[in-house]
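The block underneath contains the structure these notes are about, expressed in structure tokens.
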Amino acid sequence: MSLRITVIGTGYLGATHAACMAELGFEVLGLDTDPKKVEQLSAGVLPFHEPGLPDLLRKHTSTGRLRFTSSYEEAGAWGDVHFIAVGTPQKAGDHAADMTYVDNATVSLAKSITKDALIVGKSTVPVGTARRLQELVNSVKTDSLNVELMWNPEFLREGYAVRDTLTPDRLVVGGGSADAVATLRQVYASALSTDTPFITTDLETAELVKVAANAFLATKISFINAFAEVTEHVGGDIRVLADAIGLDQRIGRRFLNAGVGFGGGCLPKDIRALQARVSELGLDRTMRFLSEVDEINLRRRERVVHLATELLGELDGRTITVLGVAFKPNSDDVRDSPALDVAAQLYSAGAEVSIYDPEAMNNARSRFPRLKYAESLEAALQGSHLTILLTEWQEFSALEPQDLEPLVESKAIIDGRNVLNPDTWTDRGWRFESLGRRSVPALATSNSLS
Ligand SMILES: NC(=O)c1ccc[n+]([C@@H]2O[C@H](COP(=O)([O-])OP(=O)(O)OC[C@H]3O[C@@H](n4cnc5c(N)ncnc54)[C@H](O)[C@@H]3O)[C@@H](O)[C@H]2O)c1
């Protein structure tokens, strides 16, 4: 008989996983404690932007192969394999991950399970969590049942989530008996049929693989951004530098794009949670470099505000257009978005900020209702003293100065993602600034590096 799959927590990760499991032919039940989300997903409506996912959701909810519920009793009685995909956000006022959602979900599920089952964690968690959760499960589950717990971290990228879930570049599975591993092989049979690497390991390694991957990616971005601080100071072009070092195959060019830095619901909180966890373990110095990675990243946002002040003389009373507030293109996610943070900083400094983003307007508005949200790109640019590109949506990367000139008040632009060609803009009389490519005379002091 085909395995019945539940997915506990149906946010970005869980909704994607649930729909993709249905696409692979499984019967799937998604569970979320947010009744509005359950209602929307049940109606085939995706509450966030993810290319390709609305089609899968509609297709499989309409046949009944994919269903959603808020009932742990229903999930526990029905499922054979339960994926845990609830959030692990940063705790308020602390770098550590808030584990209440994972703990609550696991306990609620384990108490409700009425047949032998496998619990598979997918959320990104501090090392040691899975072993602790297995003990929790053992303490609340029905004694006669065999309920195993494994960890199977998720590497999907928002914007490519469907592709990454259906055809992952690797699968990592921690813990579990031989039978449990065989069950997960059955779940992932489609990917395994194309020789996707299937790495089986212990619980701790599986947990650490995920945070190590994110720590590495964050470090790579901050590494190039640290060099951008230098080229801004001494002259030079960070893009050429990145191309040149990226040709060394040991380094590689990807994730070496200097700009306003990383954000989103994963990288920032994951590097902070990792530092917090290793400190708890008594390894205070081990991940200290990640606080530098974090600081370099946050300084890039200040740099954009600094450039805006330089270009405008002062921010108070000036109209600034911000293009993009999603933390990256092809997503409506504004969690820890560098773009939205810069927009808020400009607003706090007195500027009138007019925002346009193809998908992230509603999410941004609910976080910062006082910023101005334009109805269109043209409306956002109208009367602007300065345009700042902060999320590299294709429609922004393709902009030409001629598109903006009839609308803006002043020909001044900051390319916060290094996607525009400076010559194209300066040739038409624009004042053009970017990160890591100095086009105006050097700043007078070395304070900009401090
Ligand atoms: N978003 C990504 O691209 C991505 C990629 C890889 C890993 N992850 C990890 O996956 C996890 C989830 O991330 P996300 O972005 O999907 O978060 P999210 O906030 O979008 O979704 C979490 C969902 O869990 C639900 N939830 C909370 N407590 C619950 C409970 N007790 N029972 C049932 N549902 C509950 C929430 O209502 C919400 O819908 C995190 O650990 C994250 O680090 C995310």
Side-chain angles (χ1 to χ4, degrees), residues 1-9 13-14 17-18 20-22 24-31 72 74-86 88 99 102-103 105-156 165-166 168-211:
M1 200 180 74
S2 176
L3 293 167
R4 288 168 164 186
I5 292 178
T6 82
V7 180
I8 312 297
L13 163 57
H17 195 69
C20 288
M21 289 295 116
L24 293 174
F26 296 104
E27 271 191 85
V28 182
L29 181 64
L31 184 153
Y72 272 102
E74 186 184 357
W78 184 84
D80 301 306
V81 179
H82 304 276
F83 285 100
I84 304 275
V86 298
T88 47
M99 297 306 294
V102 168
D103 288 6
T106 308
V107 170
S108 304
L109 174 67
K111 279 182 177 167
S112 310
I113 287 176
T114 55
K115 58 179 180 173
D116 290 352
L118 181 58
I119 301 178
V120 185
K122 286 201 92 55
S123 303
T124 304
V125 294
V127 62
T129 300
R131 214 165 275 283
R132 180 175 63 76
L133 290 178
Q134 177 72 72
E135 284 171 22
L136 260 183
V137 168
N138 290 343
S139 68
V140 297
K141 76 174 178 68
T142 304
D143 279 344
S144 57
L145 295 179
N146 179 19
V147 181
E148 279 195 68
L149 185 134
M150 305 174 79
W151 219 260
N152 168 219
E154 178 57 57
F155 303 101
L156 69 79
T165 306
L166 292 175
D169 50 15
R170 80 283 209 197
L171 291 157
V172 176
V173 169
S177 62
D179 282 352
V181 172
T183 302
L184 265 195
R185 282 189 158 275
Q186 230 179 303
V187 171
Y188 291 122
S190 166
L192 296 178
S193 71
T194 56
D195 292 336
T196 304
F198 186 81
I199 298 163
T200 51
T201 181
D202 51 78
L203 291 170
E204 288 74 16
T205 307
E207 293 168 324
L208 282 170
V209 166
K210 173 63 191 176
V211 288

Does the side chain to side chain contact (heavy atoms under 4.5 Å, CB included) test come out yes or no for His82 and Ile84, once each step is laid out?
CA-CA 6 Å; His82 304 276; Ile84 304 275; 5.7 Å; no

With side chain to side chain contact (heavy atoms under 4.5 Å, CB included) as the test, would you mind laying out the steps for Val81 and Phe26 before giving the verdict?
CA-CA 11 Å; Val81 179; Phe26 296 104; over 6 Å; no

Please round to the nearest 0.5 Å and tell me the distance separating atom OG1 of Thr200 and atom CE of Met150.
8.5 Å

Distance in Å, Asp116 CG paired with Lys141 NZ, rounded so as to fall on 0.5 Å steps:
8.5 Å

Distance-minimising heavy-atom pair for [X] and [Y]:
X: Gly174; Y: Leu203; result: O-CD2, 3.5 Å
X: Pro153; Y: Ala206; result: CG-O, 3.3 Å
X: Val86; Y: Gly9; result: CG1-CA, 3.8 Å
X: Ala105; Y: Ile8; result: CB-CG2, 3.9 Å
X: His17; Y: Thr165; result: ND1-CG2, 4.0 Å

Pairwise side-chain contact, [X] with [Y], heavy-atom cut-off 4.5 Å (strictly under):
X: Asn152; Y: Tyr188; answer: yes
X: Asp103; Y: Arg132; answer: yes
X: Tyr72; Y: Lys111; answer: no

Do you know which of [options] makes side-chain contact (heavy atoms from CB on, under 4.5 Å) with [X]?
X: Phe83; options: Val120, Thr6, Ile119; result: Val120
X: Ser123; options: Thr106, Val102, Thr129; result: Val102
X: Leu192; options: Leu184, Leu171, Val187; result: Leu171

Apply side chain to side chain contact (heavy atoms under 4.5 Å, CB included) to the pair Asp80 and Leu118, showing each step before the final yes or no.
CA-CA 6 Å; Asp80 301 306; Leu118 181 58; over 6 Å; no

Where do Trp151 and Val125 land on the side chain to side chain contact (heavy atoms under 4.5 Å, CB included) test, with the steps shown first?
CA-CA 10 Å; Trp151 219 260; Val125 294; 3.5 Å; yes

